[in-house]
Structures are given as structure tokens and as C-alpha cells.
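Let me begin by presenting the structure, written as C-alpha cells, before commenting on it.
Every chain is numbered from 1, with letters handed out A, B, ... down the list of sequences.
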There are 2 protein chains.
Amino acid sequence: MTTDIYPSMTVADNEQKERPVEKMQLGKQVKAIRKQNNLTLEEAGKLTGLARSTLSKIENEQISPTFAVMQKLAAGLNIDIPQLFTKPEKAQATGRRDITKSGQGVPHLTPTYEHELLSTQLSQKKMMPYRSRVHARSFDDYGDWVRHEGEEFLLVLEGEVELYTEFYEPTKLTVGDSAYYDAMMGHVVISTSSEDALILWVTTS
Amino acid sequence: MTTDIYPSMTVADNEQKERPVEKMQLGKQVKAIRKQNNLTLEEAGKLTGLARSTLSKIENEQISPTFAVMQKLAAGLNIDIPQLFTKPEKAQATGRRDITKSGQGVPHLTPTYEHELLSTQLSQKKMMPYRSRVHARSFDDYGDWVRHEGEEFLLVLEGEVELYTEFYEPTKLTVGDSAYYDAMMGHVVISTSSEDALILWVTTS
DNA sequence: ATTAAAAGTTTCCAATTGGAAACCTTTGTT
DNA sequence: AACAAAGGTTTCCAATTGGAAACTTTTAAT
């Protein structure tokens, strides 16, 4: 070993420590998925291009399917391969809700926007909704692209705006129009009407 | 949920549409991971409990390993199985966007709602936005609670509604009001004004 | 209850995988 | 350059998978 910052793997290392083995039954999972789609082995066979006997054996853990077969399975059932052996993480049913009356959100001001954060009572949520008045009137009001992790959905509530996104032509949006984009792609919204535009935004956390 | 928005799978369905096949080379990936850890086939063999000939053949795509072997591989190299065939997601910047002009979404009708699905061009997205006219005028129009995986955000665009959620008192919402809740908690929205209410909904996938 | 059809399991065997060892190739040393 | 050693590939074969068809169980209908 040279001077690695992080210890690299060694044979000895691993022979010791046990990694918590993926103890999910691939078979159980496949069967569950098939049942969820109300398919018989015959039908699933048609979809995946596999013999129903093969499917039966996989479901009953009598054989360990090859990767090629797993690909056929996933493609045929229209799912991703990991779903074949990963438990569908059970809804963390928080059983909570949070209502925000109009105008009662948490304000957050910037030169270009006047944000009103919604649903701020729930901390662990997967989406971040907020409503914003757009002050910006030109791309230069931002200086540069806005860019961050996650995906973003927006809906125009009032006014008219122009949505600038990297790689695309600027697009005019009016009340009721919406857009969905990868937020890592540079993006910026400016108001093109006389008054400020009002936008609803939802971002993934 | 009784009123599914998305159609369920059928045999006919799938025989038509091709799912973009995971065209990642499992072999390339395995080799890359082994190299990253500065392991020889011999060493990797020790770690995983597989013959170096087997590893060689897997890396060169000469054989399709069984799931059992993939488990050994993952355990031995101390990674998760999906990493064996998934490119290390580079902030998965899809670099895509999808704009839906007002009224141009995909319609979906139920007795209680008139949905307009937004941003349907992007398939792998994390949020599902749609705009709905609420026909329902009483809880009984639904028969039972609506309940499903994920979280839900809603914003009232027009009209007045009453939001029923399990464990909470019904709440009146008017234009601009919003709510965020765990969708596993029973929920239902009814219009309380003379005309149908219009709601924006965003659900996690 | 009986029968027919559908769904699922098991058997049998050809095709493919996985391991041991032989066989190449590359790297490093003199 | 020649050699040795390490790393990697290919061969050969036993073990296992995957498909076709036989067989058993379940469901539905009379």
C-alpha cells in the first residue's frame, strides 16, 4: 500500500468482516410482483420470454437465475432489476399532514424572488413546495444559472414568465402552464409582464 | 386506491413496448470495481469465494453469472448488487425538461375527478404533477379513503374544497391554500362551492 | 360431487455455468 | 535478450440452469 488516505481493501480484511447478506428472497419478490400485476406464470412467461417452468423454479427458490434471465424478467415486468431483490421500502407512513393557508407560509426574500415556503411544519418530507413572486426581469438579474441537486416542477399562477434552461431555447409560460426539469441543468425564470409573476414551485429534497 | 391514475400492466401492453434494456455491461463494471480496489483476479477470487477463471469469464462477458454468484461478488467486494450493473450515477443530471401548456396535459377521467396529467414526457421522474377538477361533493362519492404510497402536496387553484384526512378534522381550503400529507393516511377532497374546484397535485413516485 | 379447464409443479435433458488446471501474456529483473 | 513470476485467458468437465412436456393441484361450472 502506498499512501492512500483511505484504507484499501485487502483479502484479510474481508475474510473477517461479514457484510449483512442481502437476505431478500429473490423468488418471493418475483412472485409478489407477478401477483401484483395479476399475471399467471403463463402470461409472465410471454412477457419475459421465459418458460413458465423456469419462472416457477425461480419463484420457489429452486434455481438461481442468471443475470441474463434477471434482465429478461425486469424488462418483461417493466421494472428495474434491483426491484427483483429489494424490498419495496415500506411507506414510512408518518401519518402527518400540514396545511398552509394562503399567505401564511414562511417568507424568504432575495433580490430576484419573494418566496413563501409552504408546509414547513413537516421536516422529513420528500418535496419542498413554495410559492414565489418573481422580481427578475432579465437573465442578468441572476448573474448566472441557478443549479442544484434534484428535480423541479413549476406552475405559473399569475402573470407571464420566460423560462430559461440550459440547452433549450427560452420559453414563454403563462397562467396554467407548467414545467418539469432536472435542476442540475441551469435554470432561471424571469417575469415578462408588467407586474411580478407568481409561481408555484415544488422541488425534490 | 380505487381510482388508479395509471393503467395497470397487461400482456398485450408489454409485448408492444420495448423497455430500454439495461445495456450496461456487467462485466465491464465488475472489472472496473476490481481495478478500483487494486485487486488481481486471484485476490478478488479469495474475497468473493469464486474461481479466478469464473471472474475472468464474467468480466469478459463470456458467461452470465447467476444471482448467487452476483451475491458473492457484491458481498466479497463490499458493495451493493445494483452497483454491479449500474453506472455510478453522476448526479444523474438527465438534462431534460418537459413543458406542459395549460390544458394540454394528458386527460384522465374518473367519476370523482377530471385529471390532467402534467409533464408526462419524462418517465423516470421523482414527482408526479397533475391538475384536477374535483367533482365529488361528499365523502360518500368516494366510498372509502384514498390511500397509496408516497407523499402528496396540493394547492387549491380555484373554488373551495374540504380536505378530509384520517385522524384529522375535515378542513376547508380556499384558493391559495395548500396541504402536504403522507398519502398512506386516508385522504379525500370534495368541492364545497357551487362549481367544481380546481386543484394542483404533486405526488412522489 | 364430477368434470373440464386453468394454474402451478416436477421431471427430463440439452445448454450453460463455474471450478481446476493448463495455457498464454505481460511485467520486471538480471 | 532471457528468464521468472504474476496476471489473465482458455480448456475441459462436473454441476447447475432453463425449456418442453408430463404431471398435480386449484378453480370454475354444471
Nearest-neighbour nucleotide for the [X] side chain, [options] considered:
| X | options | result |
| --- | --- | --- |
| B:Thr66 | C:dG18, C:dG19, D:dG8 | C:dG18 |
| B:Thr40 | D:dG8, C:dT17, D:dG19 | D:dG8 |
| A:Ala51 | C:dT9, D:dG19, D:dT9 | D:dG19 |

To the nearest Å, give me how far apart [atom1] ([X]) and [atom2] ([N]) are.
| X | N | atom1 | atom2 | answer |
| --- | --- | --- | --- | --- |
| B:Leu55 | C:dG19 | CG | P | 8 Å |
| A:Phe67 | C:dT16 | CZ | C1' | 17 Å |
| B:Glu42 | D:dA5 | CD | P | 16 Å |
| B:Leu41 | D:dG8 | CG | C1' | 6 Å |
| A:Leu50 | C:dG8 | CG | P | 16 Å |
| B:Glu59 | C:dG18 | CD | P | 14 Å |
| B:Ile63 | C:dT17 | CD1 | P | 6 Å |
| B:Ile58 | C:dT17 | CD1 | C1' | 9 Å |

According to a strict under-4.0 Å criterion, is B:Lys35 in side-chain N/O contact with OP1 or OP2 of D:dG8?
yes

Close N or O pairs between protein and nucleotides 10-14 of chain C (under 3.5 Å):
{"from": "C:dT10", "atom 1": "OP2", "to": "A:Gln62", "atom 2": "NE2", "distance (Å)": "3.0"}
{"from": "C:dT11", "atom 1": "O4", "to": "A:Lys57", "atom 2": "NZ", "distance (Å)": "3.4"}

Taking the side chain as C-beta and beyond, is there a heavy-atom pair between [X] and [Y] under 4.5 Å?
| X | Y | result |
| --- | --- | --- |
| A:Trp201 | A:Arg131 | no |
| B:Lys172 | B:Glu160 | yes |
| A:Glu151 | B:Arg97 | no |

Please work out which of the three classes, parallel, tilted or perpendicular, describes the rings of A:Phe85 and B:Phe67, given edges at 30° and 60°.
tilted

Counterpart residues, side chain to side chain donor-acceptor pair (under 3.5 Å), relative to B:Ser205 (two or more places apart)
none

I'd like to know whether B:Tyr142 forms a side-chain hydrogen bond (donor to acceptor under 3.5 Å, both in side chains) with B:Tyr113, so could you lay out the CA-CA distance, the side-chain angles of the two residues, the decisive distance to 0.1 Å, and finally the verdict.
CA-CA 10 Å; B:Tyr142 290 90; B:Tyr113 288 124; 2.9 Å; yes

Across all chains, not counting sequence neighbours, the side chain to side chain contact (heavy atoms under 4.5 Å, CB included) partners of A:Gln121 are A:Asp98

